[in-house]
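To start, the structure under review is shown below, and the notes come after it.
The sequence lines fix the lettering, A, B, ..., with proteins before strands; numbering per chain opens at 1.
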2 protein chains.
Amino acid sequence: MVKTIDEQRLLDILGILRYNKGPLGATIIARRLEISGHDIGDRMVRNYLQILDNKGFTKKAGHLGRIITEKGIAELNAEKIHERVGFIKSVIQDLTYQVTYNHLKRDGDIIVNISLIGDKRLNTALKVLKSVYESGWMINPLINVFSAGYDVCGTAIPKGKVAICTVCSINIDGILVSRGIPTDPIYGGIVEVINNKPEKFVEIIRFDGSSLDPLELFMAKGMTSVLKVVEDGKGRILANYREIPASSRNEFTEFLDQISTLFKGIMMVGEPGEKVLGLIPSARSCGVAVVGGLNPIAAIEEAGIATKTRAIHGLMPIRMMKHLEEFI
Amino acid sequence: MVKTIDEQRLLDILGILRYNKGPLGATIIARRLEISGHDIGDRMVRNYLQILDNKGFTKKAGHLGRIITEKGIAELNAEKIHERVGFIKSVIQDLTYQVTYNHLKRDGDIIVNISLIGDKRLNTALKVLKSVYESGWMINPLINVFSAGYDVCGTAIPKGKVAICTVCSINIDGILVSRGIPTDPIYGGIVEVINNKPEKFVEIIRFDGSSLDPLELFMAKGMTSVLKVVEDGKGRILANYREIPASSRNEFTEFLDQISTLFKGIMMVGEPGEKVLGLIPSARSCGVAVVGGLNPIAAIEEAGIATKTRAIHGLMPIRMMKHLEEFI
């Protein structure tokens with residue numbers, strides 16, 4: 001289907017609003033469009049927003065700007081089939097750029113995964129989370145729980161369900177990028193753990209070679225054994241792998257110390273050219289293997305509780321999240 | 001773990017025997033090792049085979065050569081964790097090279113998928129296969145069914161289960177390679193079908209970016225709706241995409257006509273540079289989209305019958321396979 005430029009631009013604006021946490025004004029939308037190569041100016045954006053308002057696809061949120069409506073999301077989903085299929089790496093890079101977490105203030109936005117489960121299973125699920133956290137395989141104890149009726153980053157929570165939001169391990173990349181350390185997220189994978197020690201990657205999928213999050217796929221195929229790792233120190237966990245410039249390694253490791261009170265789960269930072277859990281980095285690069293943020297959710301599934309999980313789902317202010325103990 | 005050259009070579013030989021359909025002699029093993037860059041000669045291979053026999057990892061199969069034993073397979077699996085994780089594309093290329101199908105004689109070896117299901121569900125499963133075949137979304141009606149106790153390409157069929165072998169769509173690439181037309185298998189994916197017409201790829205995973213078969217992963221995540229396509233002509237099917245040199249397009253299409261009585265499911269052969277179901281081919285290449293061989297199995301899962309499926313599993317003489325009607 002060929003679209004007019006106007007139609008395409010309307011969809012671009014809807015897409016920007018869809019993946020933003022809160023309302024956006026015309027100026028910021030115009031700047032985002034400019035970044036993606038469409039320099040149309042604030043005024044044109046205002047015209048487009050008026051058209052979208054008239055169609056009921058967007059609405060004003062006070063003086064803060066526009067938000068997308070349910071109808072707008074439906075329109076976007078219906079149109080998605082006509083878009084070129086993209087890779088998850090673009091989503092990762094788009095979201096990491098928006099991470100504004102400040103480790104000193106413990107403030108700002110972070111990327112979250114969202115998992116829907118039956119509301120009657122919440123207590124059992126929280127106990128599983130706790131066991132994974134206590135054994136050291138949950139990168140961050142902060143979570144949030146939303147009940148039916150809420151809309152979390154564009155996902156409406158249906159009746160009978162609750163949503164658990166967990167911290168995504170890709171936040172590491174977001175924080176580094178915001179500090180001027182470029183990271184290249186390369187693989188999602190499965191790591192074999194023996195005696196509580198990560199041994200090596202046994203399965204991998206490239207972020208720039210898949211339209212879906214690899215960790216979601218591994219979970220769906222039931223390839224993890226996180227509960228066994230929790231119980232016996234032996235099993236398979238979700239993990240991911242990125243590379244950083246060799247010259248940034250020192251700054252990287254110093255910086256990690258600073259945030260290690262909050263973000264755990266860095267399994268290995270290789271020396272330049274050194275193999276990292278079986279993966280060989282590019283020239284003048286260091287490999288960095290990190291525990292996947294979805295491991296507690298994989299454990300919930302292993303415990304027999306079905307989840308509907310969307311990894312790398314959206315942004316959330318870290319102040320909205322609480323230590324999981326507070327929910328138990 | 002560092003291995004001696006001897007240990008590594010013993011594992012290489014076990015690996016060659018593991019992924020071969022029948023017995024192999026030292027000469028052929030030596031040639032295969034040579035192809036992978038290890039020119040050690042027939043005589044050394046004979047020495048290694050003697051060591052493997054003594055360990056109980058291989059045994060003689062008459063005058064035809066050695067086969068791997070159950071103990072040998074177990075050893076190989078235990079050692080696999082120490083190997084570098086590889087991509088499914090290497091498996092595809094290694095197997096396509098071994099396809100010896102001759103369309104005139106209707107003879108030779110082809111690549112099969114294998115699916116284990118509960119033996120009591122076999123009749124229902126066969127009816128599902130038939131409906132998918134009759135609606136045109138099964139690339140080939142030839143199947144084979146094995147009962148418990150059989151060993152199919154290294155997979156032992158446990159009690160209470162049967163194995164259904166189906167024809168893998170990657171055979172297209174095998175046949176083309178054997179005819180001197182190089183194909184480059186690029187993506188496994190999901191194609192949206194509307195009014196019985198394939199519209200476009202909506203999900204893709206690169207074969208050279210994943211250690212697992214993408215179609216297995218899509219199936220596990222329940223992303224297909226093959227039965228809906230069978231019933232209403234609308235839904236999502238498994239598919240794959242390869243590229244061929246632009247200069248080979250004529251020979252390719254002529255050749256496809258010849259085998260179309262047996263292999264169906266070529267959805268589109270693009271002109272040089274033309275988009276194929278939403279995917280843009282490389283320069284001087286044509287994209288070719290093919291219906292996935294696993295669609296009938298995905299339909300079985302959609303019908304509520306659990307399967308344990310290994311795609312692109314191994315080689316089987318086509319003479320061992322029969323039209324699915326013969327099993328109903």
Side-chain angles (χ1 to χ4, degrees), chain A residues 1-2 77-89 186-194 198-224 234-236 239 241 275-280 289 301 306-311, chain B residues 1-2 77-89 186-194 198-224 234-236 239 241 275-280 289 301 306-311:
Chain A
M1 206 179 80
V2 179
N77 289 342
E79 285 296 334
K80 208 183 161 190
I81 171 110
H82 299 292
E83 285 172 16
R84 187 160 177 262
V85 58
F87 294 108
I88 189 73
K89 182 155 179 173
I186 299 184
Y187 298 115
I190 298 265
V191 161
E192 180 95 13
V193 174
I194 299 173
E199 283 289 322
K200 70 171 294 180
F201 280 92
V202 289
E203 304 290 354
I204 46 176
I205 295 180
R206 287 187 71 94
F207 290 124
D208 65 359
S210 173
S211 60
L212 292 160
D213 178 62
L215 303 198
E216 271 185 46
L217 291 167
F218 294 131
M219 256 178 72
K221 207 169 154 58
M223 299 185 75
T224 60
K234 187 177 181 334
R236 294 184 168 201
Y241 172 86
K275 260 196 200 180
V276 169
L277 304 185
L279 302 179
I280 300 164
E301 293 216 336
T307 83
K308 201 177 158 189
T309 293
R310 283 285 312 269
Chain B
M1 205 180 82
V2 178
N77 289 342
E79 287 294 337
K80 209 184 162 190
I81 172 118
H82 299 293
E83 285 172 15
R84 181 157 181 265
V85 58
F87 293 107
I88 188 73
K89 183 155 177 173
I186 299 184
Y187 298 115
I190 299 265
V191 162
E192 179 95 12
V193 175
I194 299 173
E199 282 289 324
K200 69 172 293 179
F201 280 91
V202 288
E203 304 290 355
I204 46 176
I205 295 180
R206 287 187 71 95
F207 290 123
D208 65 359
S210 173
S211 60
L212 292 160
D213 179 61
L215 303 199
E216 271 185 45
L217 292 167
F218 293 131
M219 256 177 71
K221 205 164 157 58
M223 300 186 73
T224 61
K234 185 175 182 340
R236 295 184 166 201
Y241 172 86
K275 260 196 199 180
V276 169
L277 305 183
L279 302 178
I280 300 164
E301 293 215 335
T307 82
K308 201 178 158 186
T309 293
R310 283 284 313 268

Which distance, rounded to the nearest 0.5 Å, do you find between the CZ of B:Phe218 and the CG of A:Leu212? 5.5 Å
So OG of A:Ser210 and CD1 of B:Ile204: to nearest 0.5 Å the spacing works out to 8.5 Å
Please flag which part of B:Met223 lies under 4.5 Å from any non-hydrogen atom of chain A: side chain, backbone, both or neither. side chain
Could you tell me which of B:Leu217, B:Ile88, B:Ile186, B:Asp208 has the largest number of non-hydrogen atom pairs under 4.5 Å with chain A? B:Leu217
Could you report the tightest heavy-atom contact between A:Lys221 and B:Thr309, atom names first, then the distance? NZ-O, 4.4 Å
